Each structure stands twice: as structure tokens, then as C-alpha cells.
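Hydrogens, waters and symmetry mates are skipped; everything else that's a heavy atom, side chains included, is used. No experiment lies behind these values; they were computed from the predicted model shown.
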Amino acid sequence: MADAISPPAPAASRRKSTRRASDTVFLGLSATSAVSIMVILAGVAIFLIIQGLPAITANWSENADLSSIQNPAQVPWTSFWEYVGPLLWGSIFSALIAMVLGAPVAIGIALFISHYAPRRIAGALGYIVDLLAAVPSIVFGLWGIAVMRPFLLPLSDFLGQYFGWIPLFAGPVSSTGSTMLAGGVVLAVMILPIVTSITREIFLQTPRLHEEAALALGATRWEMIRLSVLPYARSGMISATLLGLGRALGETMAIALIISPSLLYSVRILTDGYNSQTIAANIALNFPVATEIQRSALIGTGLMLFVISFAVNMVARYIIGAQGPKPTRKRRRKEGKVA
């Protein structure tokens, strides 16, 4: 006679049902959060397109409000693209200056924290660097006005006197310090937290066996870093730099407070009147006094900045994603074949 199958214990059944219910709730919350991010992003893009399209498609030559908006040298604008071109250049140029000045320093700080500094100093220094991300941009702008502008004046005079033949340092040197150089230095400080934190974590993920093997073969600490750490972290450093670039592209108040801008294409970084304006600062300064169609034009420039920033961040995320999954997939295939 077969033994009767006893039913599962009530307590175990309740734990199992509770576990399944919690998993379902967590899955629903996670999926909702992921979808909401996409909905918000799409909503921002749709808003910018709808609000900016009237100015983008308008005939600027026949619209007095558009042809005269921030009119440089009394030359009327003939199209939206003619107007947004100098602004795009100013945004990209200031961000590139920030990356050239800030990215090497950020990577050096991350390397010092991860491989050179004692544990206590590394923890305190990492905490201080992370705190920079909490400082408002208006504070950085005020710091740039009060500290960096006068501090950079001697350097500007030196560069203008001895290297003025280079287009980058050409033109009359500013006596006030309201230059693209000062704005780039402040932006470089502002991107330090994001670039430093990402590269620091990537440096710390370098396989310990690789580092110990290099040291066991007689390599110095710098040789170990050059042969083991930097090749492993190359993709991560590039992606961190691109994320910092995206941060610099959208900065508003620091640039608006520091530089003396103009709507033109310029590579000069030591002058007062030849600094290319950025999109974000231009919107912040002119939106309150603009007419309805001029606000549409300003929103259209914001759409161009949105597209560029989105593209830069997508490239950075692609590089981050391409860093590790490929070896993982290969390893899974090998394990499947062995099994």
C-alpha cells in the first residue's frame, strides 16, 4: 500500500508565497522605474521639439524678432542654423578646454587614491573629492570671479606676450580676467568628481594577480601601473572622460558669470570680447527678456545641446558596456562546452 503524500508544511508554504510576492513587487517597482526614466527622457525631447520647431522652421529673414535676436555687429540672422552655430561651437570649445585641463588631473588623483596613498589618507581624499559634486554651480561661478580671474591674469599676460603668435593665445589680453581660460579652469574643477570617482573604481577593480605578477617580475610600482592597471582601465578612463564632457557641455551659471561672451566662432582664450558664448549660458541670460518666438529659438538651441549631450553620454555608456561583458560571454560558452 503506497504511503500517502503528506502536504507541505504550512509555515514553509507561507514563506514561499511571501518570497514570491516580494519578488513580484520588487520586479514591478524596478520595471516601473526603468520605464519612467525612458518616459521622462522622451517627454523632455518631445517638449523641446514642439517648442523649438516654430523657430527652427521659421524664415528668419522676414521675422524681425528672430533676425535681430542678439544681433552681432548689426548683421541680421538669416536662419536658425546660422544663429545656433556659434553657440554650439562655444559649448564644445569650453568643454574641450575643461577636459584638457581637468581629465589628466582627475585621473592622477584617482591613481594616487587607489595605488599610492595610505588607506586613511585615500579615504579622506576620496571623500573630499566626492564632496565637490555637492557644491552648486553658482558657488563655483562666484569662486571663479573672486579667485580664478585675478589669479590667472599673470599667466594670461605671460602667454599673450610670449605665445601670442599662436591663435589660441592671440588678441589683446583681458585686463579683467573674464576669459574662456578662466571659464575652462572652473569647468575643469567641476568635472573632477565624476571623472575621479569612475576612474578610481576602475583602478581598484584591476585583478590583484596581475599587479602581484608584475611586481614579482621586478617591476617598479609605476611600471606595474603602466603595464597592468592602465591597459585594464583604458576603456573606463575614456568613458569617464566622456561622461565628464557631457557634464561640462551643460554647465550654465559658472560660464554665464565668468566669461564675457560674443556670438562668434573664436579660439581665443585670453580676450574679453572674443569668447564664444555657450548654449546653456545664453539661454539663462536671455530667456527672461525674450519674446515668444525668441524663446522658441532659445529652446531650439537647447534641443541641439540635448542631442549633443545625449550622444556623448550614449558613447560613454557604450564604451563602459563594451569593457567587460565580452570575456564573460566567452567564459560562459567555454563552461557550457566543458559541461
Discussion item. Is there a continuous path of hydrophobic side-chain contacts, each under 4.5 Å between heavy atoms, that joins L245 to M304?
Written reply: yes

Worksheet, complete the sentence: In short, A182 meets R149 closest at the heavy-atom pair CB-CG, 4.3 Å

Worksheet item: Do the side chain of S30 and the main chain of L27 share a donor and acceptor less than 3.5 angstrom apart?
Response: no

Worksheet item: Under a single-linkage definition using a 4.5 Å side-chain heavy-atom cutoff for Ile, Leu, Val, Met, Phe, Trp and Tyr, are L204 and L215 assigned to the same hydrophobic cluster?
Response: no

Worksheet item: Which distance, rounded to the nearest 0.5 Å, do you find between the CG of L192 and the CG of L187?
Response: 11.0 Å

Fill in: CD on E211 to OG1 on T206, rounded to 0.5 Å
5.5 Å

Worksheet item: Between S296 and A55, is there a donor-acceptor pair closer than 3.5 Å when you use the side chain of the first and the backbone of the second?
Response: yes

Practice prompt. State, with a plain yes or no, whether a side-chain heavy atom of I56 is found less than 4.5 Å away from one of L303.
Written response: yes

Worksheet item: For the side chain of S266 and the backbone of Y274, is there at least one donor-acceptor N/O pair under 3.5 Å apart?
Response: yes

Practice prompt. Hey, could you give me the CG/CE distance between L230 and M224, rounded to the nearest 0.5 Å?
Written response: 10.0 Å

Discussion item. Give me the atom names and distance for the closest heavy-atom approach of A133 to P193.
Written reply: N-CG, 3.5 Å

Worksheet item: Should W81 and L88 be marked as a side chain to side chain contact (heavy atoms under 4.5 Å, CB included) after you check the CA-CA gap, both sets of side-chain angles, and the distance that decides it?
Response: CA-CA 10 Å; W81 306 108; L88 281 173; over 6 Å; no

Worksheet item: Less than 4.0 Å between a side-chain N and a carboxylate O, is that true for R295 and E292?
Response: no

Worksheet item: Any chance CZ of F151 has more than 12 other-residue heavy atoms, nucleotides or ligands included, within less than 6.0 Å?
Response: no

Worksheet, complete the sentence: To the nearest 0.5 Å, atom OG of S94 lies from atom CD1 of I255 at 5.0 Å

Item to complete: Give a yes or no on whether L305 and L285 share a hydrophobic cluster (residues Ile, Leu, Val, Met, Phe, Trp, Tyr; joining criterion: side-chain heavy atoms under 4.5 Å apart).
Response: no

Item to complete: Measure from the side-chain N and O atoms of S228 to the backbone N and O of I225, and report whether any donor-acceptor pair falls under 3.5 Å.
Response: no

Worksheet entry | Closest heavy-atom pair and its distance - L298, A290 | CD1-CB, 4.1 Å

Worksheet item: From I92 CD1 over to M99 CE, what is the distance, rounded to the nearest 0.5 angstrom?
Response: 13.5 Å

Worksheet entry | L153-L159 co-clustered via ILVMFWY side chain contacts under 4.5 Å | no

Item to complete: Say whether, by atom type as modelled, one donor and one acceptor occur between the side chain of T199 and the main chain of T196 under 3.5 angstrom.
Response: yes

Fill in: Polar side-chain atom of T179 near backbone of T271 as donor-acceptor pair, under 3.5 Å
no

Discussion item. For the backbone of S137 and the side chain of E251, can you confirm whether one donor and one acceptor N or O come within less than 3.5 Å of each other?
Written reply: no

Practice prompt. Decide yes or no on side chain to side chain contact (heavy atoms under 4.5 Å, CB included) for L264 and W89, but give the supporting numbers first.
Written response: CA-CA 9 Å; L264 46 77; W89 166 249; over 6 Å; no

Worksheet item: Could you go step by step and tell me if I283 and I279 meet the side chain to side chain contact (heavy atoms under 4.5 Å, CB included) rule?
Response: CA-CA 6 Å; I283 294 174; I279 290 178; 3.9 Å; yes

Discussion item. Does F310 have more than 12 heavy atoms from other residues, nucleotides or ligands lying within 6.0 Å of its CZ?
Written reply: no

Discussion item. For a quick test of reading the model, state the closest non-hydrogen atom pair linking A117 to I121 and the distance between them.
Written reply: CB-CG2, 4.3 Å

Practice prompt. Over all heavy atoms of both residues, which pair between D130 and S197 is shortest? Give the atoms and the distance, please.
Written response: OD1-CB, 4.0 Å

Practice prompt. Using a 4.5 Å cut-off on heavy atoms from C-beta on, say whether the side chain of I259 contacts that of Q277.
Written response: yes

Practice prompt. State whether the side chain of N275 and the backbone N or O of S260 hold a donor-acceptor pair below 3.5 Å, judged by distance alone.
Written response: yes

Worksheet entry | Exam field: side chain W165 to backbone Y162, donor-acceptor pair closer than 3.5 Å | yes

Response to the item:
For P288 and A284 the tightest heavy-atom approach is CD-O, 3.8 Å

Worksheet item: Counting N and O atoms only, with roles assigned by atom type, does the side chain of R247 sit under 3.5 Å from a partner on the main chain of V195, one being a donor and the other an acceptor?
Response: no

Worksheet item: How are the rings of W77 and Y83 set relative to one another: parallel (under 30°), tilted (30 to 60°) or perpendicular (over 60°)?
Response: perpendicular

Practice prompt. Consider only side-chain N and O atoms of D272 and T176, and report whether a donor and an acceptor are under 3.5 Å apart.
Written response: yes

Fill in: Stepwise side chain to side chain contact (heavy atoms under 4.5 Å, CB included) check, W143 with V135
CA-CA 11 Å; W143 171 71; V135 179; over 6 Å; no

Item to complete: Decide yes or no for Y232 and F203: does some side-chain heavy atom of the first lie under 4.5 Å from some side-chain heavy atom of the second?
Response: no

Worksheet item: How long is the gap from CZ on F140 to CG on L132, to the nearest 0.5 Å?
Response: 5.0 Å

Discussion item. With a 4.5 Å cut-off on side-chain heavy atoms, are R200 and L125 touching?
Written reply: no

Worksheet entry | Non-hydrogen side-chain atoms of F93 and S276 separated by less than 4.5 Å | no

Discussion item. Could you tell me if the side chain of F287 sits less than 4.5 Å from the side chain of N282, heavy atoms only?
Written reply: no

Worksheet item: Are L152 and I166 co-members of a hydrophobic cluster defined by side-chain heavy atoms under 4.5 Å apart?
Response: yes

